[in-house]
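Okay, structure first, notes after.
All values below were derived from every heavy atom in this structure, side-chain atoms included, with hydrogens, water molecules and symmetry-related copies excluded. Reminder, nothing fancy here: chain letters follow the sequence lines and each chain counts from 1.
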Protein chains: 2
Amino acid sequence: MSHVRYLCLMAVDREHVLRSAAALLTRKSTATMDEVAKAAGISRATLHRQFAGRDALVRALESLGIAECEAALDAARLDEGTAQEAVSRLVKELETAAGLLAFLYTENQLFEGDGQNEGWARLDARIAALFRRGQDSGEFRIDLTPAWLTEALYGLMASAAWAVAEGRVAAKDFHHMIAELLLGGALRREEP
Amino acid sequence: MSHVRYLCLMAVDREHVLRSAAALLTRKSTATMDEVAKAAGISRATLHRQFAGRDALVRALESLGIAECEAALDAARLDEGTAQEAVSRLVKELETAAGLLAFLYTENQLFEGDGQNEGWARLDARIAALFRRGQDSGEFRIDLTPAWLTEALYGLMASAAWAVAEGRVAAKDFHHMIAELLLGGALRREEP
DNA sequence: CGCACATGAGACATGAATGTCTCATTGAAT
DNA sequence: ATTCAATGAGACATTCATGTCTCATGTGCG
């Protein structure tokens with residue numbers, strides 16, 4: 001039964017291709033299908049056999065990014081402990097997906113039109129709910145809206161991913177930089 | 001002497017074209033030259049007469065963005081008062097350039113190769129120097145590097161510009177959102 | 001060994017964006 | 001009114017990424 005093996009190999013390769021594409025497109029968002037194929041170590045023909053076209057590839061990356069984010073949200077256990085700790089865990093869990101997120105964040109074509117993936121709305125809602133929980137518990141200041149804090153989290157993740165990729169900051173500081181800057185702003189300061 | 005008037009008109013139109021292009025490309029970074037021309041209310045032929053090609057247009061936008069940033073840095077008087085106040089003034093002065101900055105921030109092709117505009121390095125140095133001044137004076141925490149704070153400022157500006165453009169946050173909160181979040185993170189908290 | 005199938009290489013057509021060109025028109029200055 | 005320059009409209013060739021195709025190769029399996 002080569003059929004089973006066939007499916008297995010396809011799945012593995014598809015995963016590898018998506019990873020390679022994400023890594024390349026994060027650095028050069030205008031990379032051609034040929035460059036994507038070369039980066040994955042396959043031919044352009046095979047790339048087209050796995051993804052109907054560039055659009056399908058980007059959509060698959062979008063689904064992968066959403067899935068990774070949701071997995072990170074689950075792993076971060078946003079409902080446990082203080083909101084501050086939950087945010088810190090979330091940043092930690094999102095670190096591996098930061099590069100992919102940074103790419104998707106700039107693909108604004110994904111968000112025009114009605115066919116936009118509802119996964120983003122789910123993610124936004126869960127993250128915003130976390131910030132709202134922190135506000136309700138008195139941990140976070142209330143003059144910064146959950147929507148803005150969610151946007152800022154995305155933006156800081158993307159900024160850090162690019163800064164690390166270009167060597168302007170150290171990769172090991174990723175979590176500390178984002179969590180400290182974001183929480184320092186979102187956390188209500190003790191009255192002196 | 002129509003020659004003088006000729007030069008004057010060219011300058012005015014060029015400015016207008018650049019503004020229109022910046023506004024459009026901020027929303028849709030893949031807009032074609034035809035769309036850019038239509039957005040500026042001119043024909044594609046005239047657009048090509050003013051800018052040799054798409055590359056030249058992007059380069060001109062880059063120069064414009066750098067010039068606006070340097071003007072904002074000058075107007076913010078980064079050496080006066082506390083570093084915190086200077087950062088707040090800087091965010092205020094940069095607000096009008098935020099859309100353009102957001103576009104340039106994602107044009108990572110500008111930063112590959114050796115021919116990258118040295119204006120960015122100058123800007124980075126000036127902004128980083130401001131954060132360093134705040135650290136030296138004890139206003140800002142020292143565990144977040146000036147390089148990262150500079151990156152974070154860019155990232156938050158871009159995030160806020162997009163969020164405002166898409167209606168997720170209110171435009172009037174622009175300065176407050178960025179300055180408060182950034183400073184809250186960069187500012188050393190009072191010991192309880 | 002022979003079969004099946006995924007792959008790589010490459011040819012080919014298509015479409016889109018670009019860059020260049022000509023020509024008629026407008027508009028302002030003289 | 002005449003002249004000059006800029007503009008708009010459009011034709012045109014070119015380039016490039018894309019998408020589809022065929023064919024040869026190799027590799028695993030029966």
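Atom CE in A/M33 sits about 13 Å away from atom C1' in D/dT20, given to the nearest Å. The NE2-P distance, from B/H48 to D/dT7, rounds to 15 Å in whole Å. The separation between A/L47 atom CG and C/dT7 atom C1' is 13 Å, rounded to whole Å. Counting to the nearest Å, the P atom of D/dT7 and the CD atom of B/Q50 are 6 Å from each other. B/D55 places its CG atom 14 Å from the P atom of D/dC16, with the value rounded to the nearest Å. Look at CG on B/D13: it is 13 Å from P on C/dA28, rounded to the nearest Å.
Among all heavy-atom pairs drawn from B/W162 and B/T26, the shortest one is NE1-O, 3.9 Å.
Donor-acceptor pairing under 3.5 Å, judged by distance alone, is absent between the side chain of B/R54 and the base of C/dG19. Looking at A/R49, its side chain has no donor and acceptor atom pair within 3.5 Å of the base of D/dG19.
Looking at the side chain of A/S43, the nearest of the listed nucleotides C/dT18, D/dT18, C/dG8 is C/dG8.
A salt bridge links B/E68 with B/R19: the distance from a Lys NZ or Arg NE/NH1/NH2 to an Asp or Glu carboxylate oxygen falls below 4.0 Å. No salt bridge links A/R132 with A/D136; every basic N to acidic carboxylate O contact stays at or beyond 4.0 Å.
Toward the 5' end of DNA chain C, the nearer of the two residues A/G41 and B/T32, judged by each one's closest nucleotide, is A/G41. Taking for each of A/A45 and A/D34 the nucleotide of DNA chain D with the nearest heavy atom, the 5'-most of the two is the partner of A/D34.
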Residue pair B/S137, B/E139: steps toward the side chain to side chain donor-acceptor pair (under 3.5 Å) verdict: CA-CA 6 Å; B/S137 71; B/E139 290 178 77; 3.1 Å; yes
